[in-house]
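Contents: one structure, followed by commentary.
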2 protein chains.
Amino acid sequence: MLGQDDDGCCPALLTAPMDEGQAVGLAKVFKALGDPVRLRLLSMIASRAGGEICVCDLTPAFDLSQPTISHHLKLLKQAGLIDSERRGTWVYYRLLPEMTDRLAAILADRPNAPESEARAHA
Amino acid sequence: MLGQDDDGCCPALLTAPMDEGQAVGLAKVFKALGDPVRLRLLSMIASRAGGEICVCDLTPAFDLSQPTISHHLKLLKQAGLIDSERRGTWVYYRLLPEMTDRLAAILADRPNAPESEARAHA
DNA sequence: TTTCTGTATCGATGTCTGTCTATGCAAGCT
DNA sequence: AGCTTGCATAGACAGACATCGATACAGAAA
């Protein structure tokens, strides 16, 4: 979905000029992250112990209507950042770490970057 | 600008619920990345040998007007992703790797992530 | 100074997006 | 069956955004 380069992994963002198609795919994911509400939703989902959280726990955390929250969750899901599963009455959302890992790799892979030690925490 | 946590480095996105202020700041940066044209501009700037590129080399690479390219460059600059310098007639843009490194660290730092080996390339 | 070229800003316009209310659907309960 | 609750979808609307042409500004050259 993001557009693959030769090694079948990730489109190069910072090390080589990106073509239109790759840019469109990658922009979709970043656009999904470009809203404070969706960022907080993703944060609540990812940080939840157990790896998943019920929509019923997400909705009351915001000063927004339930359909609005549902809409944002849909966009995050379409971006490949989260997935959902219905269990009985409730729907649970969980992080898809493959996507965030991929974005991290794309952003860390730049010319002259320290080899495998580009993480700012270190 | 992104909102700092206790260690003075990065807001936690995936390991702890993010507060409103942090989310607003971080969303601004991701929103800047959420457009195919800006992504390609950033890619051309970052991948350029020498670390910088003239606007005069960027503009003709797109099927867009010069003011539109200028506008996108402004947004990338306001997001802290690039910086510019005028030298004579021409203006040169360069990547600010601190910001992309920061985003990479934020996205790589998730619960149960393999220690310092979260890069998808490996 | 005048002119020319490269870049940024301004104002207008069409499209996209975040939000709402109203409604539909799914699942459990009585 | 009917009711109730949790979540998603549909349609509407205001504000934001990408794009354009026109114009202003900066620097070099004549």
Side-chain angles (χ1 to χ4, degrees), chain A residues 18 20-21 23-45 48 52-94, chain B residues 18 20-21 23-45 48 52-94:
Chain A
M18 174 167 259
E20 172 74 13
V24 168
L26 189 53
K28 257 181 215 164
V29 185
F30 281 129
K31 189 176 298 186
L33 294 172
D35 179 276
V37 174
R38 287 194 290 272
L39 232 32
R40 289 182 59 204
L41 283 169
L42 186 70
S43 187
M44 292 178 69
I45 294 168
R48 183 69 154 208
E52 59 181 20
I53 185 170
C54 176
V55 175
C56 63
D57 288 330
L58 291 171
T59 304
F62 296 83
D63 216 28
L64 293 170
S65 70
Q66 174 268 319
T68 297
I69 299 300
S70 188
H71 169 67
H72 285 303
L73 289 170
K74 184 182 184 178
L75 293 186
L76 287 171
K77 187 172 176 177
Q78 286 176 341
L81 287 160
I82 59 176
D83 197 6
S84 67
E85 181 191 357
R86 166 160 233 138
R87 286 207 296 278
T89 305
W90 295 277
V91 175
Y92 295 86
Y93 279 85
R94 65 185 176 83
Chain B
M18 173 166 261
E20 171 74 14
V24 168
L26 189 54
K28 259 182 213 162
V29 185
F30 281 129
K31 189 176 300 186
L33 293 172
D35 180 275
V37 174
R38 289 195 289 273
L39 232 32
R40 288 182 59 204
L41 283 169
L42 186 70
S43 187
M44 292 179 70
I45 295 169
R48 184 69 155 206
E52 60 181 19
I53 187 170
C54 175
V55 174
C56 61
D57 288 331
L58 292 171
T59 304
F62 296 83
D63 216 29
L64 294 169
S65 70
Q66 174 268 319
T68 297
I69 299 299
S70 188
H71 168 68
H72 284 304
L73 289 170
K74 184 181 184 178
L75 292 187
L76 285 172
K77 187 172 177 178
Q78 288 176 339
L81 287 160
I82 59 177
D83 198 6
S84 68
E85 180 192 356
R86 165 159 233 138
R87 283 205 300 277
T89 304
W90 296 276
V91 175
Y92 294 85
Y93 280 84
R94 64 184 176 84

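Note: hydrogens, waters and symmetry copies are ignored here, and every other heavy atom, side chains too, is used. Every value quoted in this text rests on a predicted model; they were computed, and no experiment measured them. In what follows, chains carry the letters A, B, and so on, assigned in the order in which the sequence lines appear, proteins first and then strands, with residues in each chain numbered from 1.
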Task: Minimum-distance pair of heavy atoms, taken over all atoms of A:Tyr93 and A:Ser84 - done: CE2-CB, 3.4 Å
Task: Contact summary for A:Ile53 and A:Met44, nearest pair of heavy atoms - done: CD1-O, 4.2 Å
Open item on the list: Please identify the 5'-most and 3'-most nucleotides of DNA chain C with any atom under 4.0 angstrom from a heavy atom of chain B.
Closed with: C:dG6 to C:dT9
Task: Heavy-atom closest contact (A:Leu39 atom, A:Leu33 atom, distance) - done: CD1-O, 3.4 Å
- [ ] Indicate, with a heavy-atom threshold strictly under 4.0 Å, whether B:Tyr93 touches base, sugar-phosphate, or nothing.
- [x] sugar-phosphate
Task: Rounded distance in Å - CZ (B:Phe62) to P (D:dT19) - done: 10 Å
- [ ] For B:Pro36 and A:Ala27, work out which heavy atoms get closest and say how close.
- [x] N-CB, 3.6 Å
Task: Any B:Lys77 side-chain heavy atom under 4.5 Å of B:Asp83 side chain - done: yes
Task: DNA chain D-proximal residues of residues 68-77 of chain A, any heavy atom under 4.0 Å - done: A:Ser70, A:Lys74
TODO: Measure the distance from CG on A:Leu58 to P on D:dA8 and round it to the nearest whole Å.
DONE: 10 Å
Open item on the list: According to side chain to side chain donor-acceptor pair (under 3.5 Å), who are the partners of B:Ser65, at least two apart in sequence or on a separate chain?
Closed with: B:Thr68
Open item on the list: For the CZ atom of A:Arg94 and the CD1 atom of A:Ile82, what is their distance to the nearest 0.5 Å?
Closed with: 10.0 Å
Output side-chain donor-acceptor pairs under 3.5 Å for residues 54-63 of chain B, partner residues at least two apart or in another chain, one line each.
unit_1: B:Asp57; atom_1: OD2; unit_2: B:Arg48; atom_2: NH2; d: 3.1
unit_1: B:Thr59; atom_1: OG1; unit_2: B:Val55; atom_2: O; d: 3.2

Task: Closest-nucleotide ordering on DNA chain D, the 5'-leading residue of B:Gly34 and A:Thr59 - done: A:Thr59
- [ ] Return the value, rounded to whole Å, for the distance between atom NZ of B:Lys31 and atom C1' of D:dA16.
- [x] 8 Å
TODO: Would you kindly give the CD-to-C1' distance between B:Gln78 and D:dA16, to the nearest whole Å?
DONE: 14 Å
TODO: Drop me the distance from B:Leu75's CG to B:Leu81's CG, to the nearest 0.5 angstrom.
DONE: 10.5 Å
Open item on the list: Filter on side chain to side chain donor-acceptor pair (under 3.5 Å), then keep only pairs touching residues 32-42 of chain A, sequence neighbours left out; what's left?
Closed with: A:Arg38-A:His72, A:Arg40-B:Glu20
- [ ] Summarise how protein sits on nucleotides 22-30 of chain D as a single string, 5' to 3': B when a protein heavy atom is under 4.0 Å from the base, S for sugar-phosphate-only contact, - for no contact.
- [x] B----SS--
